[in-house]
Structure formats: C-alpha cells, structure tokens
Novice: 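One structure is given below, represented as structure tokens, and several questions about it will come after.
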Amino acid sequence: MKNYNPSVGYLKALGILLMVLGHSGNTLHINHFIYMFHMPLFFIASGYCFKDKYLSAPQKYIYNKVKGIYWPYVKWSLLFLLLHNVCFNLHLYSDQYGWKEYVSHLYAPSEFLGLATSIIFKMQGHEQLLGGYWFMNALFFGSLIVWLVIRCVKQPLCGGAILIVICTILNKTCWQIPFINISSQAFAAGLLIYIGYSLAKYRIKPFNYWQIALSLSITLIGSFVWNMAMDQNSYSNKRFIPYIITAVLASWSFYSLFDKMKSSQGICAKALDFIGKNTLTILTWHFLAFKLVSLLIIGVYGLPIERLAEFPVITEYSQQGWWIAYFIVAMVVTCGIAYCNKWIKNNWLKL
C-alpha cells in the first residue's frame with residue numbers, strides 16, 4: 001500500500017485492543033491508565049496521516065471523510081436502528097437493564113423516524129449496541145475542524161492555542177453548536193488530530209527508551225491525579241490540559257516503540273497489522289460479541305434472561321474474572337468477521 005506507515009497501523013491496533021479491554025468490565029486500575037490515551041491515539045494517528053495536498057482540495061478531503069467515517073456511521077447506525085425491536089424481543093435490550101440507568105423500550109414508528117433523522121443529520125442517536133460510535137462523530141467533525149484550522153492558521157502554535165481556547169470556553173459553558181450539537185468533544189478531537197499532523201509535518205523524532213519510560217510514568221501518575229476520558233461532551237478544565245499532554249506523551253511513546261519494530265515480519269506484527277486495518281469492524285461488533293459471554297454467564301449462574309441487556313457487560317460477573325472471556329471472545333469474533341469480509345471481497349466479489 002502506497003505510503004502506508006505500519007507504525008500508525010500498530011498504534012490503531014493498540015487503541016482498539018485497549019478499547020475492548022476497557023469495555024470488558026475489568027476492575028484493574030489499568031482502565032484509568034488506558035483511558036488516558038486509548039482514544040486520543042486514534043485522533044493523533046488520524047492527524048499523522050493528514051496530507052497537505054488536501055488543503056487545496058476541500059472537495060476531495062470532505063469526500064474521503066464522508067466515505068470513510070460518515071457513511072459507515074450512518075449505514076451501521078440505521079441498520080441497528082431498524083433491528084431495534086427485533087433486538088428488544090431477543091432480550092438484547094430491556095426496559096429493566098441497560099447501560100447504567102439508561103434502559104430501552106419498543107420503538108414506535110415516530111421514534112424510528114426521529115432517531116433516523118438524528119443519525120443522518122447529527123451523527124447522533126445510535127443504538128446501545130454501537131455505544132463506541134461517539135468516536136466516529138468526534139473524528140468526523142474534528143477532522144473538518146482541523147482542515148479549517150490548518151488552512152487558515154499558518155503558525156502551528158497559534159492553531160493549537162486557538163483550539164485549546166475554544167475547548168476551554170466550551171468546557172466552561174457546556175455550550176454546543178446548535179442543531180448538529182458539536183461540543184467540546186469534537187474540538188478536543190480536532191486538537192489531538194492537529195497535534196498528530198504537527199508531529200508528522202515537523203518530523204518529530206520518536207522517543208528513545210528513557211523518554212518512553214518517563215512519558216508512560218507521567219501518564220500513570222496522571223491516571224491517579226487528573227484521570228479523564230474523552231467520551232463526554234465537555235470536560236473539567238482543571239484536568240483537560242494535563243490530560244492532553246499525557247495523552248500525547250503516551251501516544252507518541254507507543255508510536256516510538258512500534259517504530260522500532262516496523263520492519264518486523266513476525267506473527268505479532270502481522271496480527272497488529274490486521275487488527276489496525278480492521279478497527280471499524282471491531283468497533284462495530286464488539287458489544288454484540290460481548291453478548292455471547294453474557295449469555296454463557298446467564299446459563300452458568302441461572303440468571304434471568306433479561307440481564308442479557310446489561311451494557312456493555314454483566315459487571316457483577318465481569319469483575320469476578322469473566323472480563324478475560326469478554327475480551328478474548330470479542331477479539332476472536334470481530335477479527336473473524338473482519339477476516340470473512342476480506343475473504344468475500346477477495347474471492348466472491350471479484351467473480
């Protein structure tokens with residue numbers, strides 16, 4: 001693949017592995033550590049791949065983002081929406097259990113229409129089975145924001161400062177851009193994409209091992225002191241700046257580690273390469289794959305079938321060690337789906 005950077009692919013693979021691990025319901029403090037960088041590194045990786053040629057070709061850039069982010073979001077969100085009542089009758093959703101206090105119900109035709117409108121025009125309103133899809137909203141709008149900043153602001157420090165100021169104001173006011181509801185989250189994503197772009201454009205050298213160790217140590221400390229996650233619409237300004245700093249340090253540390261192994265042809269490198277190229281498939285299907293383990297737990301412990309609707313896992317049991325099964329099954333199933341998709345494209349669709 002032309003201009004393909006395996007280190008970026010490995011970075012995305014690490015991010016999606018940590019995302020599935022974080023959703024698996026483990027009780028380890030590692031979750032706080034993971035959340036310090038596992039989603040930011042996706043945004044940084046996206047910015048690292050930004051090409052200056054798109055600055056003079058906005059139509060091409062927007063087309064690529066619509067094709068690569070918006071369309072998959074709308075396609076899968078609408079499909080899962082259409083299957084909502086089927087999933088409810090299969091106990092995948094319930095009016096008793098859900099994610100925290102958010103439960104579900106059978107949709108009336110007017111609700112389908114309202115949610116479909118929100119999905120198409122706002123990239124919001126996706127189903128609980130697609131809980132991780134908030135990321136695609138942030139990536140899409142963050143990418144558009146970054147194009148505008150890079151195009152209009154020639155000094156990288158000024159561009160970064162502008163995005164930080166906007167995020168700070170939105171965090172303070174909890175204000176959102178009307179109708180499409182763009183919040184601080186999209187601008188925070190844009191800031192990280194912009195940082196990734198700057199790392200590539202100015203050819204920042206990868207860290208050495210001492211710098212990697214120091215950066216990850218600072219990130220670990222931050223997971224106790226200023227821990228935060230990006231899946232919110234706004235953030236605490238006291239935590240936001242140190243969070244961004246440690247997110248960049250950790251992401252660049254792992255990029256630096258992968259840069260040292262980019263010429264490797266071993267099974268680990270091949271697995272990471274495959275996972276990195278199929279992050280969307282894993283993001284889309286891992287919650288549904290979790291349900292296989294939840295169904296097993298229900299059978300083993302004689303639980304009511306309605307508990308299948310707990311999201312993303314049955315926490316009571318995942319914290320007893322079942323998170324390992326959740327993680328392994330989700331990765332095996334989603335990678336299996338990705339492999340089947342690849343096989344079908346390479347064999348049947350070419351006939």
Side-chain angles (χ1 to χ4, degrees), residues 11-43 45 72-73 76-77 80 87 91-94 97-104 124 126-139 185 189 223 227-233 243 247 250-251 254 271-272 275-276 278-298 303 307-338:
L11 197 64
K12 291 168 61 180
L14 174 66
I16 205 71
L17 284 165
L18 294 179
M19 182 206 69
V20 175
L21 179 62
H23 287 162
S24 68
N26 69 81
T27 57
L28 307 175
H29 177 77
I30 193 173
N31 264 13
H32 292 295
F33 179 67
I34 288 171
Y35 291 156
M36 295 297 288
F37 64 89
H38 80 308
M39 299 314 290
L41 66 77
F42 280 107
F43 299 120
Y73 175 90
W76 292 114
S77 294
F80 276 66
C87 291
H91 304 289
L92 296 175
Y93 301 130
S94 166
Y97 300 97
W99 180 70
K100 297 182 178 179
E101 72 275 15
Y102 299 100
V103 296
S104 191
Q124 295 176 350
H126 50 266
E127 293 288 287
Q128 287 185 349
L129 280 170
L130 296 174
Y133 263 36
W134 67 265
F135 162 77
M136 298 182 72
N137 174 294
L139 181 61
Q185 185 184 77
S223 68
N227 61 296
M228 200 185 89
M230 279 199 70
D231 60 347
Q232 307 296 319
N233 289 326
Y243 174 82
S251 298
F254 284 109
L272 286 174
I275 292 170
N278 292 281
T279 54
L280 177 59
T281 299
I282 297 170
L283 175 67
T284 300
W285 297 104
H286 77 286
F287 271 19
L288 190 58
F290 280 164
K291 297 300 182 185
L292 297 175
V293 180
S294 292
L295 194 60
L296 177 61
I297 291 172
I298 288 170
L303 305 179
R307 295 198 66 176
L308 186 62
E310 291 190 29
F311 276 88
V313 297
I314 303 179
T315 305
E316 174 188 348
Y317 293 91
S318 66
Q319 294 179 349
Q320 296 177 19
W322 281 91
W323 65 268
I324 299 172
Y326 276 116
F327 176 75
I328 293 174
V329 169
M331 290 308 306
V332 169
V333 170
T334 56
C335 286
I337 292 172

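Computed from a prediction, not measured in an experiment: that's the story for all the values here.
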Novice: Would you give the length of the straight line joining atom CE of Met39 to atom CG of Asp231, rounded to the nearest 0.5 angstrom?
Specialist: 8.5 Å
Novice: To the closest 0.5 Å, what do you measure between NZ (Lys291) and CG (Leu288)?
Specialist: 8.5 Å
Novice: Is the gap between the ring centers of Phe287 and Trp76 under 6.0 Å?
Specialist: no
Novice: Return the CD1 to CG distance between Ile314 and Leu308, rounded to the nearest 0.5 Å.
Specialist: 7.0 Å
Novice: Evaluate the side-chain proximity of Ser104 to Tyr97: yes if any heavy-atom separation is below 4.5 Å, no if none is.
Specialist: no
Novice: Is there a side-chain contact between Leu17 and Leu272 in this structure, where contact means two heavy atoms from C-beta onward sitting under 4.5 Å apart?
Specialist: yes
Novice: Restricting to pairs with a member in residues 310-320, which pass salt bridge (charged side-chain N to carboxylate O under 4.0 Å, His left out), not counting sequence neighbours?
Specialist: Arg307-Glu310, Arg307-Glu316
Novice: Between Phe254 and Leu11, is a side chain to side chain contact (heavy atoms under 4.5 Å, CB included) present by the stated rule, with each step listed?
Specialist: CA-CA 7 Å; Phe254 284 109; Leu11 197 64; 3.8 Å; yes
Novice: Val103 and Ser94: which non-hydrogen atoms are nearest, and at how many Å?
Specialist: CB-O, 3.5 Å
Novice: Quick one: sort the Tyr326 and Phe290 rings into parallel, tilted or perpendicular, breaks at 30° and 60°.
Specialist: perpendicular
Novice: Testing the basics here: between His126 and Gly131, what is the closest heavy-atom pair and its distance to 0.1 Å?
Specialist: NE2-O, 4.0 Å
Novice: Checking Ala250 now: which residues fulfil side-chain contact (heavy atoms from CB on, under 4.5 Å) with it, not counting sequence neighbours?
Specialist: Phe37, Leu216, Thr219
Novice: Work out which heavy atom in Ser251 is nearest to a heavy atom in Leu41; give both atom names and the distance.
Specialist: OG-CB, 3.2 Å
Novice: Apply side chain to side chain donor-acceptor pair (under 3.5 Å) to Gln319 and list each qualifying residue two or more places apart in sequence or on a separate chain.
Specialist: none
Novice: Pair Phe135, Met230 - check side chain to side chain contact (heavy atoms under 4.5 Å, CB included), show working.
Specialist: CA-CA 9 Å; Phe135 162 77; Met230 279 199 70; over 6 Å; no
Novice: Decide yes or no for Phe311 and Tyr93: does some side-chain heavy atom of the first lie under 4.5 Å from some side-chain heavy atom of the second?
Specialist: yes
Novice: Testing the basics here: between Leu130 and Ser77, what is the closest heavy-atom pair and its distance to 0.1 Å?
Specialist: CD1-CA, 3.7 Å
Novice: Tell me if a side-chain donor or acceptor on Asn26 pairs with a main-chain N or O of Leu21 at a distance below 3.5 Å.
Specialist: yes
Novice: Using ring centroids (six-membered ring only for Trp), state whether Tyr102 and Trp99 fall under 6.0 Å.
Specialist: yes
Novice: Between Cys335 and Ile282, which heavy-atom pair has the shortest distance, and what is it?
Specialist: SG-CD1, 4.3 Å
Novice: Which residues satisfy the salt bridge (charged side-chain N to carboxylate O under 4.0 Å, His left out) test with Glu127, sequence neighbours excluded?
Specialist: none
Novice: How many angstroms lie between atom CG of Leu303 and atom CG of Leu295, to the nearest 0.5 angstrom?
Specialist: 10.5 Å
Novice: Got a second to check how far Met228's CE is from Ser223's OG, nearest 0.5 Å?
Specialist: 13.5 Å
Novice: Please name all residues satisfying side-chain contact (heavy atoms from CB on, under 4.5 Å) with Ala138, sequence neighbours left out, ordered by chain then number.
Specialist: Phe43, Trp134, Gln185, Ala189
Novice: Quick one: side-chain contact (heavy atoms from CB on, under 4.5 Å) partners of Gln232, sequence neighbours excluded?
Specialist: Tyr235
Novice: Which residues satisfy the side chain to side chain donor-acceptor pair (under 3.5 Å) test with Ser318, sequence neighbours excluded?
Specialist: none
Novice: Quick check: closest heavy atoms across Ile275 and Ile16, and the distance to 0.1 Å?
Specialist: CG2-CG2, 3.3 Å
Novice: Could you list all the salt bridge (charged side-chain N to carboxylate O under 4.0 Å, His left out) pairs where at least one residue sits in residues 14-25, not counting sequence neighbours?
Specialist: none
Novice: With Val333, which residues qualify under side-chain contact (heavy atoms from CB on, under 4.5 Å), at least two apart?
Specialist: Ala289, Leu292, Val329, Ile337
Novice: Between CG of Leu14 and OG1 of Thr279, what distance do you get to the nearest 0.5 Å?
Specialist: 12.5 Å
Novice: Side chain to side chain donor-acceptor pair (under 3.5 Å): which pairs involve residues 11-25, sequence neighbours left out?
Specialist: His23-His286
Novice: Going by the rule side chain to side chain donor-acceptor pair (under 3.5 Å), which residues pair with Tyr133 if we only count those two or more places apart in sequence or in a different chain?
Specialist: Thr284
Novice: Please collect all side chain to side chain donor-acceptor pair (under 3.5 Å) contacts where either partner lies in residues 34-43, sequence neighbours excluded, each pair once.
Specialist: none
Novice: For side chain to side chain contact (heavy atoms under 4.5 Å, CB included), just list the numbers for Leu139 and Phe42, CA-CA rounded to whole Å, side-chain angles, deciding distance to a tenth of an Å, and then say yes or no.
Specialist: CA-CA 9 Å; Leu139 181 61; Phe42 280 107; over 6 Å; no
